[in-house]
2 protein chains.
Amino acid sequence: MSEGLRERKKRETRQRISDIAMWLFVTNGFDNVTVAEVARAADVSVNTVFNYFSTKEDLLFDRQGEVEDLPSRVVRERRPRESALQALRRDFLDALDSRHHRYGFHEGSDAFTRMVAESPSLNARIREMNAAREQALARTLADETNADPDDLTPAFAAAQICAVLHRLMTHAVQRMLAGEDLNAIAPDLRRQAERGFELLESGIGDYCAGPRSAPE
Amino acid sequence: MSEGLRERKKRETRQRISDIAMWLFVTNGFDNVTVAEVARAADVSVNTVFNYFSTKEDLLFDRQGEVEDLPSRVVRERRPRESALQALRRDFLDALDSRHHRYGFHEGSDAFTRMVAESPSLNARIREMNAAREQALARTLADETNADPDDLTPAFAAAQICAVLHRLMTHAVQRMLAGEDLNAIAPDLRRQAERGFELLESGIGDYCAGPRSAPE
DNA sequence: GATAAATTTTGCAGTGACACCAAATTTGGT
DNA sequence: ACCAAATTTGGTGTCACTGCAAAATTTATC
């Protein structure tokens with residue numbers, strides 16, 4: 001056996017703290033629950049909580065590593081002859097159709113979503129994760145294209161892509177928070193996503209090019 | 001006279017606190033200076049500091065309103081027959097050429113830049129401001145194009161644009177922090193900026209479309 | 001120019017996230 | 001059972017920030 005009692009207890013304790021924290025945060029709101037309360041509910045000391053999770057936000061975003069690597073991995077594992085953008089569009093639409101949670105689509109996560117949306121510090125964390133995603137994707141794109149390290153093209157592309165993905169995810173969240181059911185908005189969401197990827201693909205050069213007041 | 005003694009003193013106090021805080025932060029690092037130290041140096045109580053500035057970060061980003069509205073305003077005030085993207089490119093390159101600080105180009109701001117870059121909380125604030133810029137620009141684009149409120153196109157365009165602008169600014173900052181002189185990097189920066197806007201204009205559809213391993 | 005009203009400043013007490021450290025507890029190996 | 005290593009805990013402290021009530025100051029009133 002590769003796991004002694006020590007390891008198991010550690011894992012269990014960590015899981016217990018994480019679970020209880022999640023429950024408390026979702027039911028009471030992230031900012032209305034103190035770390036001390038989490039500790040008490042989990043029957044450990046505050047120090048123990050901070051032994052496992054270095055910040056209060058980490059109690060929720062524990063597995064952030066995967067999520068930060070997602071677009072990067074999709075590009076890395078794209079099909080032969082598929083462009084980065086094609087791969088990302090495919091993966092995004094697949095996730096939408098199958099209600100996979102990797103881009104935030106998941107029924108019944110209303111309470112969780114609401115909690116995140118309502119907390120400024122968690123919003124900040126979301127933005128941080130998006131920045132990390134962008135950086136990871138930029139590195140991957142640079143690798144895949146054997147780009148000159150001084151060339152910002154991969155960074156630009158990554159930034160644009162992540163920006164659009166972030167918009168799509170945020171939009172879905174907002175509508176779900178407004179009470180709309182995921183199934184109800186999925187078709188429109190799909191249309192919007194296609195539009196977003198189309199803009200990425202063909203550019204926005206001719207967007208907002210008309211005269212400023214009253215179109216003819 | 002429209003300004004009594006009370007108003008003048010308020011303005012002076014606020015300015016004094018802000019100036020002293022800036023000085024202390026730049027010379028010692030944002031995270032190495034406490035609000036109490038700022039208060040003592042400005043000869044006021046901690047509470048007075050918080051009377052004027054609601055957070056420690058606000059001691060620096062006071063005039064953030066203008067900066068958040070910048071791209072939005074550029075689009076609003078663009079020349080006749082100019083597209084949103086053309087206006088933004090023109091404004092950005094103008095700022096670069098004239099070393100205007102509105103996009104962060106300014107010689108001698110090394111210490112300030114370094115301080116911001118070194119503080120996690122200030123980085124978070126930068127991201128926040130970027131998000132605000134994006135939102136403002138999205139609203140403006142929606143207005144200018146009389147877009148359907150359910151259409152995400154303006155939001156997508158704003159997100160892409162702000163992402164590229166942010167990349168450009170961050171890149172410039174990083175190189176300046178690496179010790180390069182602004183005059184030395186300006187030509188390359190200009191080239192990168194043109195590349196970035198070109199990508200925005202024409203899209204990244206054919207980017208990273210080749211075979212994954214070893215180009216032929 | 002004394003006084004009252006409005007406003008600003010201050011002191012004080014408290015909260016909550018988090019750091020640091022030394023003591024106590026638990027576990028693994030013998 | 002015993003020792004060393006890892007884990008947990010309590011205590012103590014810092015810092016941003018809040019709320020409140022008592023000064024201090026400016027302005028308006030007579």
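Letters go in sequence order (proteins before strands), and every chain restarts at 1.
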- To the nearest angstrom, how far is A/Leu59 atom CG from C/dA17 atom P? 10 Å
- Message: Within residues 36-54 of chain B, which residues have any heavy atom lying less than 4.0 Å from an atom of DNA chain D?
- Response: B/Asn47, B/Phe50
- Between D/dC15 atom P and B/Asp31 atom CG, what is the distance in whole Å? 12 Å
- Shortest non-hydrogen pair, B/Ala159 vs A/Ala163, comes out as O-CB, 3.5 Å
- Note on the structure: Sorted by chain and number, sequence neighbours left out, side chain to side chain donor-acceptor pair (under 3.5 Å) with B/Asp91 holds for B/Arg102, B/Tyr103
- Message: How would you summarise protein contacts on nucleotides 24-30 of chain D per nucleotide, using B for base, S for sugar-phosphate only and - for none, with heavy-atom distances below 4.0 Å?
- Response: --BS---
- Report the distance from atom CG of A/Asn32 to atom P of C/dG16, rounded to the nearest whole Å. 11 Å
- Message: Closest-nucleotide mapping onto DNA chain D: is B/Phe30 or A/Thr13 further toward the 5' terminus? I mean the 5' end.
- Response: A/Thr13
- Query: Is B/Arg11 salt-bridged to B/Glu7, going by a charged N under 4.0 Å from an acidic O?
  - Reply: no
- Message: For A/Phe50, does the six-membered ring have the charged nitrogen or CZ of A/Lys56 within the cation-pi criterion, i.e. under 6.0 angstrom from the centroid and within 45° of the normal?
- Response: no
- Item | Cation-pi geometry met for A/Arg16 and A/Tyr52 (6.0 Å, 45°) | no
- Message: If you apply the rule salt bridge (charged side-chain N to carboxylate O under 4.0 Å, His left out), what do you find for A/Arg133 with A/Glu68, and how did you get there?
- Response: CA-CA 5 Å; A/Arg133 265 207 300 258; A/Glu68 284 175 0; over 6 Å; no
- Message: So, does B/Lys10 get its side chain near the phosphate of C/dT8, meaning an N or O under 4.0 Å from OP1 or OP2?
- Response: yes
- Query: What do you reckon, are the aromatic ring centroids of A/Phe105 and A/Phe92 less than 6.0 Å apart?
  - Reply: yes
- Indicate whether any N or O donor in one side chain lies under 3.5 Å from an N or O acceptor in the other, for B/Arg195 and A/Thr153. yes
- Message: Measure CD/A/Glu12 against P/C/dT27 and give the value in whole Å, please.
- Response: 11 Å
